J.: 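Here you go, one structure.
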Amino acid sequence: MIKLVDIHKSFGRQKVLDGVNLEIEDGKTTVIIGGSGGGKSVLLKHIIGLLKPDSGQVIVDDVDIVSLNDRDLNEIRKKFGMLFQDAALFDSMNVLENVAFPLKEHTRKKEKEIREIVEERLRAVGLTGVEDKMPSELSGGMRKRVGLARAIAMHPQIVLFDEPTTGLDPVMTEAINELIIETQKIFDLTCVVISHDVQSIFTVGHKIAMLYEGKIIEYGTPEKIKMSSNPVLRQFLSGSLEGPINVI
Amino acid sequence: MNKIAATIDNFGRAILDNIEEMGRILILFLSVLMWMVRPPLKLRLIFRQMEFVGVKSIFVVVLTGTFTGMVMALQGYYGFKMFNAESLVGSTVALGMTRELGPVLTALMVTARAGSAMAAELGTMRVTEQIDALYVMATNPVKHLIVPRVIAGVVMLPLLTVVADFMGILGGYFVGVPILGINSGAFVNNITKMVDLGDIYHGLTKAAFFGLILSVVGCHKGFNTTGGAEGVGRATTEAVVLASVSILISDYFLTAIMF
Amino acid sequence: MSSISTEAKVGLFVLAALIILAYMSFRVGEYGFGLKKGYLVNVVFDDATGLEKDASVQIAGVEVGRVEDISLKDGKALVTLRILPSVELEKDVEAKIKSYGILGDKYVDIVPGTKDGTYITAGGDITRTGQQADIDKLLSELGIIAGDVMKITSSLKNVLGSAEGEANLKAIVENTRSITENLNRVVTQNDEKLNLMITNLGEASAEMRNAFAALNNIVERIDSGEGTIGQLVENRDVFDNLNQTLASIRDITDKINKGEGTIGKLVNDEDTVDNLNASLKSLEKSMDGIERYVSKSEQFKTFLSYRGEYLFDGGDGKGYFDLTIRPKEDKFYVLGLVADPRGSRTVTDTTVGATPTTRTETWERDELLFTAQIGKRFKDIALRGGIFESTGGVGIDYFAFDDRLQVTFEAFDFDSDRNAHLKTYAEYRLLKHIYLSAGWDDFISNEGRESPFIGFSIKFEDEDLKYLLGSVPIPK
Ligand SMILES: Nc1ncnc2c1ncn2[C@@H]1O[C@H](COP(=O)(O)OP(=O)(O)OP(=O)(O)O)[C@@H](O)[C@H]1O
Ligand SMILES: [Mg+2]
């Protein structure tokens with residue numbers, strides 16, 4: 001179980017997280033929604049220890065990872081898989097090597113075995129015959145899917161998805177959502193998904209959290225969220241310009 | 001009044017920043033040492049960096065070495081001619097190359113070629129979150145990215161320097177003997193008489209230090225890049241400048257210690 | 001290329017670089033490698049100035065080892081040599097410290113000993129050492145020269161003792177007679193002019209007196225065995241050689257004395273007269289040849305000069321003896337000796353316990369000082385640099401009136417604890433070989449050594465020397 005307790009984070013004078021409290025249940029998919037630039041990616045990076053909060057605790061399986069040293073943090077991280085918003089593929093490696101990377105790093109599997117796993121994961125995200133391509137030769141959507149394949153390559157306990165479906169066509173979006181739901185179910189994963197796509201939120205999420213002005217302002221099941229009368233949430237879900245969220 | 005205070009303030013901050021940066025480079029170096037001895041050694045990565053730093057630098061180093069030797073021979077010739085000591089051109093070129101120019105020029109060329117590339121590569125990886133991705137995959141980027149580069153730098157620089165030394169002497173010979181008409185026997189004998197093994201090995205020791213400096217500085221600048229593509233560019237420039245300056249300054253102290 | 005793996009490329013490069021390194025190391029380290037196996041030999045020098053670790057050890061110019069270590073032992077320099085294993089040193093080899101050229105590095109030269117099958121073993125000592133200090137070398141060479149002079153005189157003795165020699169002598173007498181006849185004629189015809197010349201000479205000799213007083217001073221000191229030249233005269237070998245030389249000269253004069261009758265006999269002998277004529281002819285021819293050769297190498301000139309200076313303050317005299325070699329019109333070298341009665345100064349600083357430093361000044365009087373300069377002339381200006389009175393310095397000469405007048409400025413002895421020695425003077429050519437000079441010596445001295453001076457000098461060119469030599473009969 002992951003528990004965020006009163007997380008504060010500022011970059012310079014800009015306060016991004018202002019007391020976030022959130023519990024992420026094991027074996028469930030939690031979707032975090034919020035405005036662009038609202039601090040969702042920052043929040044996600046706190047969960048895996050890439051960023052340290054100015055104050056607050058990040059508890060993963062009863063351990064506060066904020067004060068952990070590098071070695072212990074590494075052990076915790078082995079439970080995680082993460083898809084970055086921009087995929088973060090290694091551009092010195094081809095697709096095959098990218099997806100195989102965690103396998104090579106942390107397992108003693110043979111080359112051939114690894115190759116089979118990689119091909120299987122790539123097929124799962126709808127990619128075939130791209131093993132030898134370099135990341136720079138891929139489209140944005142393809143990169144995202146390779147990143148997804150890499151994130152789930154090790155079948156980690158917890159997977160963090162930063163906007164897995166942004167930039168994909170509707171059919172592919174649906175396929176990826178399906179993939180997340182499937183793998184989550186099969187392996188009983190704990191998933192944290194950041195998404196803007198209202199349709200996906202409700203198909204994928206068991207729990208949904210709304211991040212606004214550095215705080216979680218609403219948390220609950222999709223049903224609860226749909227019924228919520230919070231004006232911010234209402235405006236966000238309806239995509240209207242009228243409301244408390246000031247864009248322009 | 002405020003302006004003056006601000007200037008002093010900025011000045012003090014700049015000094016503090018520099019000290020802080022030196023400290024961070026030192027810490028990076030120490031963690032490189034620590035990770036270097038922790039198995040497993042990623043031989044493949046080391047080899048790839050060795051290829052990049054070493055094999056792919058051969059051409060520039062050969063070119064620089066040869067022409068430096070040639071120029072030294074030419075310059076030395078005009079000087080020594082006044083004393084009818086043209087045959088000393090050979091040993092001048094050889095001593096100059098082995099003790100000073102071989103290591104320093106090689107280091108500067110490799111800094112420009114590979115040190116900058118290290119900063120750019122790591123900088124890009126930093127701003128595109130590839131370094132974060134490494135952390136996420138429980139792989140220490142110092143071990144995965146920096147250790148191989150530093151090892152390659154320390155190992156390859158002396159070897160490249162050997163090539164530069166040799167090509168420099170060859171270039172000097174080419175200018176001195178067939179073109180300027182210095183007696184070839186005297187040319188070679190003076191080299192073997194005046195140049196010591198120590199000259200060569202001290203030069204190579206220097207080169208290893210330079211390799212360490214350029215790779216650690218390059219990696220440090222790249223690793224701590226912020227600010228997108230522009231930041232990568234800045235990191236690259238800073239890496240080349242800082243590494244070159246450090247090489248030249250440390251050259252003085254290394255020379256003072258060794259010779 | 002793409003088929004070659006990264007590892008192979010790196011491997012190939014490393015291998016190639018290591019081969020080059022091994023090759024270079026082998027070439028420059030031939031001795032280095034071998035020497036680590038070489039054996040050590042000790043040798044004690046009185047003075048190892050300038051010798052450095054790793055300096056070469058040579059036999060007959062071939063390197064056989066290196067200086068391993070230099071340390072102090074009983075106030076002397078203990079030098080440890082590492083000798084190549086393949087080289088054996090006889091028990092009585094002699095080790096000397098020599099240098100490559102004047103400015104070159106020092107090295108240890110080993111003179112092989114007698115081949116009696118006994119060799120120095122590792123860790124052994126070379127017991128015979130030679131000090132190759134310059135002045136000693138000069139002295140030992142002077143001994144050789146004296147020997148040569150003796151040889152010449154003895155061959156002269158032979159020449160003059162023979163019939164041919166007597167004929168030559170006869171001719172010389174003849175020539176002398178005709179010369180005196182000519183002189184007579186000249187004198188009667190140029191009575192007036194000669195009178196003038198003689199008065200001139202009188203003046204000149206008055207001036208010469210001063211200079212000779214200075215010279216006398218020097219000679220006296222030499223006589224009393226002070227200074228280097230004094231020692232030179234005291235040197236047993238040289239002295240013996242000189243003695244022998246004088247003895248042979250006495251021999252010759254004796255012979256001539258006795259041969260007077262023989263010369264009278266020869267005057268009436270037709271054969272001898274013919275021989276004499278022939279030999280004089282061939283002499284003429286060879287003189288012609290020499291003349292042609294000399295005109296060809298006209299540019300190359302040698303000057304020999306002596307200058308005496310009388311310093312008003314202190315009443316001391318200073319003497320300069322210089323050999324100037326001018327291989328080209330605009331280039332010259334000066335080698336010389338300076339007899340400075342005030343000599344050179346050595347300062348010794350001693351600190352005893354907590355008491356402040358005591359400074360002892362020792363004046364090495366009567367010391368011979370050296371001159372060794374290189375110069376270049378640009379039209380009316382000549383620049384000189386090198387050794388002035390045994391210290392480093394520079395000088396500039398300005399020439400006017402077809403070189404009759406020379407104005408000189410010199411600066412040398414740049415010691416940090418006293419002012420530099422500056423000297424300026426003008427020299428004027430009075431007669432063909434006679435010069436007068438006046439100037440100011442050491443004029444910014446902070447030790448009260450500044451003094452105006454006047455001087456007198458004699459200069460000979462090789463042209464003059466040629467005539468001097470050419471008029472001496474050369475034995476064949
Ligand atoms: N390393 C950083 N340094 C400084 N500021 C940062 C850094 N990372 C994020 N920020 C700032 O924090 C804020 C939140 O960024 P974040 O990436 O979390 O937004 P987001 O909610 O993921 O937006 P989007 O939906 O567009 O991805 C932004 O204003 C951003 O400028
Ligand atoms: Mg984001």
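Within every chain, numbering begins at 1; the chains are lettered A, B, ... in the order of the sequence lines, protein sequences first and strands thereafter. Computed from a predicted structure; not experimentally measured.
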J.: Is chain A contacted by the side chain of B:Met125, its backbone, both, or neither, given a heavy-atom distance below 4.5 Å?
T.: side chain

J.: Taking everything shown except A:Lys185 itself, do over 12 heavy atoms lie less than 6.0 Å from its NZ?
T.: no

J.: Between A:Leu89 and chain B, with a heavy-atom cut-off of 4.5 Å, which part of the residue counts as in contact: side chain, backbone, both or neither?
T.: backbone

J.: Report the option among B:Ile131, B:Thr128, B:Asp132, B:Asn140 that has the most heavy-atom pairs separated by less than 4.5 Å from atoms of chain A.
T.: B:Asp132

J.: Tell me, out of A:Asp70, A:Ile48, A:Leu160, A:Asp91, who's got the most heavy-atom pairs with chain B below 4.5 Å.
T.: A:Asp91

J.: Look at atom NZ of A:Lys109 and say whether more than 12 heavy atoms of other residues, nucleotides or ligands are closer to it than 6.0 Å.
T.: no

J.: For a quick check under 3.5 Å, do B:Ser57 and B:Arg113 share a side-chain donor-acceptor pair by atom type?
T.: yes

J.: For B:Leu145 versus B:Leu134, what's the shortest heavy-atom pair and its separation?
T.: CD1-CD1, 3.6 Å

J.: Taking atom types as modelled, is there a side-chain donor on B:His220 or B:Asn224 under 3.5 Å from an acceptor on the other?
T.: yes

J.: Among B:Lys42, B:Glu129, B:Gln130, B:Glu121, which has the most heavy-atom pairs under 4.5 Å with chain A?
T.: B:Gln130

